[in-house]
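To keep things clear, I will list the structure first and then write my remarks on it.
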Amino acid sequence: MVQISIMEKIFSETISYEQARAIMELRNAHGVAKPFSIGFVTFNKTTGEGGDYMELPLTVLLDNSMALSKKSPKQNLKIERELEKGITPKGPNHWVNQTKNFAVLVANPDGSYDREKIVKVHLRLILTINGKEIIW
């Protein structure tokens, strides 16, 4: 009987990748992405640096955050200038590289959120979502 309760506890603290992906893509009634916490291991393939565990308490998947994903006027101007010069901006190839951009949020006293920065994370390096370990 003790083994069953231990197994139940282990499975209640884990989540499949499909369930984690569903949490990342959740939206509220207004279509705005719901914040979640994420824990992942850092790694830079180019420099070979990384191995640090990072936990971000308030994040949203940038692809699904609607208003949060809009580019600043400065970024739009840079893109326009590059297009005028014939320079095509390099795409992130998220599908090929299995990466996603996450917006790190800061909570305001009125309950709203401001975007602090954007973090690119390789999907296979994500270890936890909302404190639950991901099982691949």
Side-chain angles (χ1 to χ4, degrees):
M1 177 142 355
V2 174
Q3 292 177 348
I4 293 172
S5 63
I6 291 172
M7 293 302 285
E8 287 175 3
K9 183 176 180 182
I10 289 171
F11 286 114
S12 69
E13 295 175 359
T14 59
I15 191 170
S16 71
Y17 173 72
E18 289 78 21
Q19 292 169 326
R21 183 67 185 212
I23 290 171
M24 288 188 250
E25 294 175 351
L26 278 178
R27 295 177 183 245
N28 65 14
H30 302 289
V32 179
K34 289 186 175 182
F36 55 88
S37 68
I38 184 171
F40 60 95
V41 177
T42 61
F43 181 67
N44 184 335
K45 189 175 183 178
T46 307
T47 63
E49 296 175 353
D52 298 326
Y53 178 77
M54 287 187 66
E55 187 144 349
L56 305 173
L58 281 174
T59 59
V60 291
L61 183 62
L62 200 55
D63 296 344
N64 295 325
S65 60
M66 293 176 63
L68 292 172
S69 67
K70 292 182 179 176
K71 291 185 169 91
S72 70
K74 188 175 181 180
Q75 288 173 323
N76 286 332
L77 182 61
K78 180 182 175 189
I79 291 169
E80 287 176 18
R81 287 182 180 161
E82 287 175 347
L83 290 174
E84 287 173 1
K85 293 178 182 177
I87 302 170
T88 56
K90 183 179 174 186
N93 291 330
H94 288 300
W95 179 258
V96 174
N97 297 325
Q98 295 184 351
T99 59
K100 288 290 179 189
N101 286 336
F102 293 91
V104 180
L105 306 177
V106 177
N108 294 324
D110 64 355
S112 64
Y113 299 104
D114 287 331
R115 184 171 68 189
E116 183 180 8
K117 63 182 176 178
I118 297 174
V119 177
K120 182 184 275 190
V121 179
H122 191 283
L123 295 176
R124 298 291 278 182
L125 297 179
I126 299 173
L127 302 178
T128 61
I129 295 281
N130 289 340
K132 294 187 177 190
E133 184 180 350
I134 298 176
I135 297 176
W136 293 89

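Note that this is a predicted model, so its numbers are computed, not measured.
- Between Leu105 atom CG and Leu56 atom CG the span is 10.0 Å, to the nearest 0.5 Å.
- Between Glu25 and Leu61 the shortest side-chain heavy-atom distance falls below 4.5 Å.
- The closest side-chain heavy-atom distance from Val119 to Phe40 is below 4.5 Å.
- Following chains of ILVMFWY side-chain contacts shorter than 4.5 Å, one can reach Ile129 starting from Met54, so the two form part of one hydrophobic cluster.
- Distance alone, capped at 3.5 Å, is enough to place a donor-acceptor pair between the Asn28 side chain and the Gly31 backbone.
- Distance alone, capped at 3.5 Å, places no donor-acceptor pair between the Ser37 side chain and the Leu58 backbone.
- Considering only residues two or more places apart in sequence or on other chains, Tyr17 meets the ring-ring contact (aromatic ring centres under 6.0 Å, His included) condition with Trp136.
- Apart from Tyr53 itself, the hydrophobic cluster it occupies contains Val41, Leu127, where clustering links Ile, Leu, Val, Met, Phe, Trp and Tyr at side-chain heavy-atom distances under 4.5 Å.
- Between His122 and Gln98 there is a side-chain heavy-atom pair separated by less than 4.5 Å.
- Between Thr128 and Ile38 there is no side-chain heavy-atom pair separated by less than 4.5 Å.
- Looking only at distances, no side-chain donor or acceptor of Asn44 sits under 3.5 Å from a matching main-chain atom of Gly48.
- Between Met24 and Val60, every side-chain heavy-atom pair lies at or beyond the 4.5 Å cut-off.
- Cluster annotation: Val104 and Leu123 are assigned to the same hydrophobic cluster (Ile/Leu/Val/Met/Phe/Trp/Tyr, side-chain heavy-atom contacts under 4.5 Å, transitive).
- Contact of the Phe36 side chain with the Phe102 side chain is registered, since non-hydrogen atoms from C-beta on lie closer than 4.5 Å.
- Contact record, Asn101 with Lys120: OD1-CB, 3.4 Å, taken as the closest heavy-atom pair.
- A heavy-atom distance below 4.5 Å is not found between the side chains of Leu62 and Lys100.
- In this structure the side chain of Ser16 never reaches within 4.5 angstrom of the side chain of Ile135, judged on heavy atoms.
- If you take CD1 on Ile23 and CD on Glu18, they are separated by 12.0 Å, rounding to the nearest 0.5 Å.
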